[in-house]
A.B. asks: 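First the structure, which I've put down as structure tokens, then a few questions once you've had a look.
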Amino acid sequence: MNSNTKLSFVELGKFLSQFKKEEQIQQAGVLYNDLYFDKFRDLITLSQSHNGWFTPEQVYFAVQSWAEALQETNLDKWLSGYNFTAKTPKTLGLILAGNIPMVGFHDLLCVLIAGNKVLIKMSSNDQHLIQFLAKYLISVQPELKDYITFTDGKLENFDAVIATGSNNTARYFEYYFKNKPNIIRKNRNSVAVLNGQESHEDLVNLGEDIFRYFGLGCRNVSKLFVPEGYNFDAFFKAMYEYKDVIFYEKYSNNYDYNKAVFLMSNFKIFDNEFLTLKEDTSYASPISSVFYEYYTDINTLQQKLKADADQLQCVVSNNLVPNSIPFGKTQKPELWDYADHVDTLEFLISL
């Protein structure tokens, strides 16, 4: 690991910390504000024109999450568990998703921190934010210019690959990259396990896990497991905090469409005019809807979740399930919370 690279990300974290939804104020001592501050603020404002789901509020949330993650103490805590040895840099092909803002940035961070080069194929849904952050990093540490390449065409001349996509594209990736070391990520979903003892605050926090990024991320809760006879009144009372989501046209269109499909199919649903709940054994619910399933025995449910681990990204609960995470935390992962529970840094070090 190059300590200069780590410090470049620390500087990037300081730069990002200036951009909050409530205010964007230049701080003294932040490098290259004269070059980048106004441009980044403008880019955040323009993000929604590049991708209709990337509202300024959602992009500011992603930016602040990264500003917190890239603090030096946090990076040191993450990296302390790894043994980096100097070796010739490998070139990693990265195929990034674009479902939520900057979703591929963790892969870029891992590759550069491990001393390797990146060849990045961006998603058409998120083409601007990560390229901007890469430019900032290169200004802070000019030698990174030889380590970061973006391509619009076919990935070529790489030693290993990290590709993120749907279950369909994953099949293609697995075939196409079968002769290279790879990490290939597929669709996953997140679930919450409730027992009816949750406080109002717990359930409001669960709403953050459901509605952040309009539910488009694999870390968003798309399914609830509730005990037999569960009363959803407290749940819907807490969800009311997020009622303004329906004023966003793209979300509203999905809500109207999915609700109509459910009703035409004579499915029994709960509905509060901006979120539908449908009993369903599947993990992947459409936008504006959350599935639910009843359980009778928590131990049996734990076994089910364990068996389905390859379909799940996060399990949220008040310690009802081993290794579950607290309500409201799914979209604020730590640096060591790896996608699909595959240790990206370990993979890179082993190349």
Side-chain angles (χ1 to χ4, degrees), residues 47-59 61 97-101 103 123-126 165-169 186-194 203-295 308 311-314 316 327 330-331:
S47 285
Q48 197 171 341
S49 66
H50 301 141
N51 179 335
W53 293 106
F54 288 11
T55 62
E57 180 191 352
Q58 303 295 357
V59 178
F61 180 88
N99 50 325
I100 65 175
V103 69
S123 164
S124 57
N125 292 324
D126 187 8
S166 66
N167 289 349
N168 286 336
T169 54
K186 307 174 185 178
N187 286 352
R188 288 195 181 221
N189 295 96
S190 298
V191 302
V193 179
L194 308 180
L203 295 173
V204 170
N205 288 335
L206 172 58
E208 170 70 21
D209 298 326
I210 292 170
F211 291 105
R212 174 60 58 196
Y213 304 127
F214 302 106
L216 287 164
C218 61
R219 298 182 68 88
N220 284 106
V221 168
S222 57
K223 170 101 179 241
L224 307 176
F225 285 97
V226 296
E228 290 280 1
Y230 181 81
N231 185 327
F232 283 99
D233 288 353
F235 172 82
F236 275 119
K237 189 176 177 189
M239 292 308 108
Y240 191 68
E241 299 259 343
Y242 301 90
K243 64 186 184 300
D244 289 353
V245 72
I246 200 65
F247 298 125
Y248 182 61
E249 189 181 6
K250 283 178 84 73
Y251 182 93
S252 174
N253 291 342
N254 275 270
Y255 168 80
D256 290 340
Y257 173 80
N258 290 315
K259 180 177 170 181
V261 168
F262 291 158
L263 292 174
M264 282 162 53
S265 306
N266 286 326
F267 290 130
K268 181 180 171 239
I269 58 171
F270 294 106
D271 174 32
N272 68 353
E273 301 300 324
F274 62 88
L275 176 73
T276 55
L277 281 184
K278 173 177 176 278
E279 187 174 2
D280 200 301
T281 56
S282 171
Y283 286 117
S285 62
I287 294 170
S288 77
S289 182
V290 170
F291 291 161
Y292 69 92
E293 192 174 333
Y294 292 111
Y295 68 89
D308 292 346
Q311 298 176 59
L312 301 175
Q313 196 67 264
C314 306
V316 185
F327 296 108
T330 63
Q331 292 298 354

A.B. asks: Calculate, to the nearest 0.5 Å, the distance between atoms OG and CD1 belonging to S222 and I287 respectively.
C.D. replies: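 Reported to 0.5 Å precision, the distance equals 11.5 Å.
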
A.B. asks: Give a yes or no on whether the backbone of V204 and the side-chain of Y242 come within a donor-acceptor separation of less than 3.5 Å.
C.D. replies: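 Side chain of Y242 to backbone of V204, a donor-acceptor pair under 3.5 Å: yes, one is there.
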
A.B. asks: Working to the nearest 0.5 Å, report the span between CG of N205 and CZ of F327.
C.D. replies: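 The distance works out to 8.5 Å.
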
A.B. asks: Return the minimal non-hydrogen interatomic distance between S288 and Y251, and the atom names on each side.
C.D. replies: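 Nearest pair, atom of S288 first, then Y251: CA-OH, 3.2 Å.
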
A.B. asks: Which heavy atom of S285 sits nearest a heavy atom of S289, and at what distance?
C.D. replies: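 That would be OG-O, 2.7 Å.
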
A.B. asks: For the backbone of G217 and the side chain of N220, can you confirm whether one donor and one acceptor N or O come within less than 3.5 Å of each other?
C.D. replies: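 Yes; judged by distance alone, with no hydrogens or angles, the pair exists.
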
A.B. asks: Just by distance, do the side chain of N125 and the backbone of N99 share a donor-acceptor pair under 3.5 Å?
C.D. replies: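 No, the answer is negative, given that no donor and acceptor are paired below the 3.5 Å cut-off.
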
A.B. asks: Think K250 forms a cation-pi with F214, using NZ or CZ under 6.0 Å from the six-ring centre and within 45 degrees of its axis?
C.D. replies: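 Not flagged: K250 not positioned over aromatic ring of F214.
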
A.B. asks: Give me the atom names and distance for the closest heavy-atom approach of P227 to L194.
C.D. replies: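 Nearest pair, atom of P227 first, then L194: CD-O, 3.2 Å.
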
A.B. asks: Under 3.5 Å, is there a donor-acceptor pair between the side chain of R188 and the main chain of Q311?
C.D. replies: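 Between the backbone of Q311 and the side chain of R188 there is no qualifying donor-acceptor contact (under 3.5 Å).
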
A.B. asks: When you measure from the side chain of D209 to the backbone N and O of T330, does any donor-acceptor pair fall under 3.5 Å?
C.D. replies: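 Answer holds: yes.
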
A.B. asks: Does the distance from a Lys or Arg side-chain N to an Asp or Glu carboxylate O, for K223 and E293, drop under 4.0 Å?
C.D. replies: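 E293 and K223: salt-bridged.
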
A.B. asks: How are the rings of Y292 and Y294 set to each other: parallel, tilted or perpendicular (split at 30° and 60°)?
C.D. replies: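 Y292 vs Y294 ring planes: perpendicular.
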
A.B. asks: May I ask you to decide if the ring planes of Y213 and F61 are parallel, tilted or perpendicular, using 30° and 60° as cut-offs?
C.D. replies: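 Answer is perpendicular, since the angle exceeds 60°.
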
A.B. asks: Show the nearest heavy-atom pair for residues D126 and I100, with the distance to one decimal.
C.D. replies: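 Closest approach of D126 to I100: OD2-O, 3.8 Å.
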
A.B. asks: Which pair of heavy atoms, one from A238 and one from L203, lies closest together, and at what distance?
C.D. replies: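 Closest approach of A238 to L203: CB-CB, 3.4 Å.
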
A.B. asks: Check whether Y255 reaches the backbone of L275 with its side chain - one donor and one acceptor, N or O, closer than 3.5 Å.
C.D. replies: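 Checking the backbone N and O of L275 against the side chain of Y255, no donor-acceptor pair under 3.5 Å is found.
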
A.B. asks: Search all heavy atoms of S190 against all heavy atoms of Q313 and return the closest pair with its distance.
C.D. replies: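 Heavy atoms of S190 and Q313 come nearest at OG-CB, 3.6 Å.
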
A.B. asks: Compare all side-chain heavy atoms of E208 with those of E241 and state whether any distance is below 4.5 angstrom.
C.D. replies: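 A side-chain contact is absent here, since even the closest heavy-atom pair is not under 4.5 Å.
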
A.B. asks: Report, as yes or no, whether the 6.0 Å neighbourhood of atom NZ on K186 holds more than 12 heavy atoms from other residues, nucleotides or ligands.
C.D. replies: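 No, because the 6.0 Å sphere around NZ of K186 holds 12 heavy atoms or fewer from other groups.
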
A.B. asks: What distance separates Q48 CD from F54 CZ, expressed to the nearest 0.5 Å?
C.D. replies: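 The CZ atom of F54 is 11.0 Å from CD of Q48, to the nearest 0.5 Å.
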
A.B. asks: Spell out, as yes or no, whether a donor-acceptor pair under 3.5 Å connects the side chain of S265 to the backbone of F267.
C.D. replies: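 A pair under 3.5 Å: no.
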
A.B. asks: Side-chain contact, heavy-atom cut-off 4.5 Å: F235 with Y230?
C.D. replies: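 Answer yes - side chains close enough.
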
A.B. asks: To the nearest 0.5 Å, how far apart are OG1 in T276 and CZ in F262?
C.D. replies: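 It comes to 5.0 Å.
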
A.B. asks: To the nearest 0.5 Å, tell me how far N167 CG sits from T169 OG1.
C.D. replies: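 Reported to 0.5 Å precision, the distance equals 8.0 Å.
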
A.B. asks: Angle between ring planes, Y240 versus F274, binned at 30° and 60°: parallel, tilted or perpendicular?
C.D. replies: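 Tilted, since the angle between the ring planes falls between 30° and 60°.
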
A.B. asks: Nearest 0.5 angstrom please: N272 CG to M239 CE, how far?
C.D. replies: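 The CE atom of M239 is 9.0 Å from CG of N272, to the nearest 0.5 Å.
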
A.B. asks: Are more than 12 heavy atoms, taken from residues, nucleotides or ligands other than E249, located less than 6.0 Å from that residue's CD atom?
C.D. replies: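 Not more than 12 within 6.0 Å, no.
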
A.B. asks: Would you check, one step at a time, whether the test side-chain contact (heavy atoms from CB on, under 4.5 Å) holds for K278 with K259?
C.D. replies: CA-CA 10 Å; K278 173 177 176 278; K259 180 177 170 181; over 6 Å; no

A.B. asks: Verify the neighbour count for atom NZ of K243: are there more than 12 heavy atoms of other residues, nucleotides or ligands below 6.0 Å?
C.D. replies: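 Yes, the 6.0 Å shell around NZ holds more than 12 heavy atoms from other groups.
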
